[in-house]
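For reference, the structure discussed in these notes is given below.
So you know, we letter chains A, B, ... as the sequences are listed, proteins then strands, and number each from 1.
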There are 2 protein chains.
Amino acid sequence: MRRDVFQAIADPTRRAIILLIAAQAMTPNAIADHFNTTRQAVSKHLRILTECELVQQEPRGREIYYQLQVAKMKDVEEWLAQFRTLWESRFNELDQVLADMKNSEIGSVNE
Amino acid sequence: MRRDVFQAIADPTRRAIILLIAAQAMTPNAIADHFNTTRQAVSKHLRILTECELVQQEPRGREIYYQLQVAKMKDVEEWLAQFRTLWESRFNELDQVLADMKNSEIGSVNE
DNA sequence: TTTATTTGCAACCGATTGGTTTCACTTTAA
DNA sequence: TTAAAGTGAAACCAATCGGTTGCAAATAAA
């Protein structure tokens, strides 16, 4: 199934998993130990994360280590970037307003 | 209902709405014109966006203009920031590797 | 080999989702 | 006042979601 990063990070448990394996790759069992769900539920989350390539499998014997693909998070970063200029300009506008206020204040107080 | 920004941006239509009203506030009817759904469906999306404060209502007569609250998108930005150092360090490591390669190359070629 | 461990997958279940149609409310226009 | 326009809310529906239990496959250990 075609998966979407935005849909993947919509679930709080998946965000927690992402955060958990960010530091180091972990096996499904090890991950499941950190949550109040079954291993199979975690496995389903990992499947979704894998499908959208946020996570990569690393088989080692009978264990499978799941590693975060940090680069994939740039999908979100890029979407967000569309608005960064917007909110920065908003703040610049605010700066301008504040500057104007200060000016008029000086003006009213002037000599 | 308690709403989450991550859940709000999970839906592609909602992301499109966000992008659409980023430039300027719009009414539900005007927004619905851009999509292949009913006005009521858009209305439900706007409700969700409003509940998580990604969007603000601005009643003007019998019309209601919906305006994007860009600042709220920092929730996502901040979550992402946790990993930025991570992926930058990854790239730095790569830079180091490349630098080493170049050095050894120079070394092997050196006068 | 036999047994235990680690894992994914299928089937099922209640809750939620995104959509529709219908209706009621408010404000503008005739 | 009456009619039209703009909107939100409720009821309903098929599809999806996140969770569970049970099972099969593969590898490691006895």
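In the helix from C:dT1-D:dA30 to C:dA30-D:dT1, the terminal helix axes, each the rotation mapping four pairs' C1' atoms onto the next four within five end pairs, subtend 10°, rounded to 10°.
The closest side-chain heavy-atom distance from A:Ile21 to A:Tyr65 is not below 4.5 Å. Within the 4.5 Å cutoff, the side chain of B:Phe6 has heavy atoms near those of the A:Arg15 side chain.
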Every protein N/O lying under 3.5 Å from an N/O of nucleotides 9-16 of chain D:
none

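For A:Asp11 and D:dG19, the CG to C1' distance is 11 Å, given to the nearest whole Å. For B:Ile9 and C:dT17, the CD1 to P distance is 15 Å, given to the nearest whole Å. The distance between atom CG of A:Leu46 and atom P of C:dT6, rounded to the nearest whole Å, is 16 Å. Distance B:Asp33 CG to D:dT7 P: 10 Å, rounded to the nearest Å. Rounded to an integer number of Å, the gap from CD of A:Glu58 to C1' of C:dT7 is 16 Å. One can place CD of A:Glu63 at 15 Å from C1' of C:dG8, the figure rounded to the nearest angstrom. Here D:dA5 presents its C1' atom at 13 Å from OH of B:Tyr65, a figure rounded to the nearest Å. We find that CZ of A:Arg15 is positioned 11 Å from P of D:dG18, with the value rounded to whole Å.
Partners of A:Tyr66 under the ring-ring contact (aromatic ring centres under 6.0 Å, His included) rule, at least two apart in sequence or in another chain, do not exist in this structure. Every residue two or more places apart in sequence or in another chain that forms a side chain to side chain donor-acceptor pair (under 3.5 Å) with B:Asp75 is listed here: B:Lys72.
Look at B:Thr38 and you won't find any side-chain N or O under 4.0 angstrom from OP1 or OP2 of C:dG19. A sub-4.0 Å separation between OP1 or OP2 of C:dG18 and a side-chain N or O of B:Thr13 is absent. At D:dC17, none of the side-chain N or O atoms of A:His45 fall inside 4.0 Å of OP1 or OP2 (strictly under the cut-off). Note on B:Asn29: a side-chain N or O is less than 4.0 Å away from OP1 or OP2 of D:dT7.
When each of C:dG8, D:dG18, D:dG8 is scored by its nearest atom to the side-chain atoms of A:Ile48, the top-ranked nucleotide is D:dG18. Nearest to the side-chain atoms of B:Thr27 among the listed nucleotides C:dT7, C:dT20, D:dT7 stands D:dT7.
Side-chain to base pairing of A:Arg62 with C:dT7: no donor and acceptor N or O lie closer than 3.5 Å to each other.
Counting non-hydrogen atoms of other residues, nucleotides and ligands closer than 6.0 Å to CZ of B:Arg84 gives a total above 12.
Sorted by first then second residue, the side-chain hydrogen bond (donor to acceptor under 3.5 Å, both in side chains) pairs that include residues 25-45 of chain B, not counting sequence neighbours, are B:Arg14-B:His45. The salt bridge (Lys or Arg N to Asp or Glu O under 4.0 Å) contacts involving residues 55-66 of chain A comprise A:Glu58-A:Arg60, where partners must be two or more places apart or lie in separate chains.
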Worked check of side chain to side chain contact (heavy atoms under 4.5 Å, CB included) between B:Val76 and A:Phe83: CA-CA 12 Å; B:Val76 184; A:Phe83 308 99; over 6 Å; no

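Taking CD1 of A:Ile31 as the start and CG of A:Leu46 as the end, the distance is 4.5 Å to the nearest 0.5 Å.
Under the 4.5 Å side-chain heavy-atom criterion for ILVMFWY residues, no single connected hydrophobic cluster contains both B:Ile48 and B:Leu68.
The nearest heavy atom of DNA chain D to B:Gln57 and to A:Arg60 marks one nucleotide each, and the one closer to the 5' end goes with B:Gln57.
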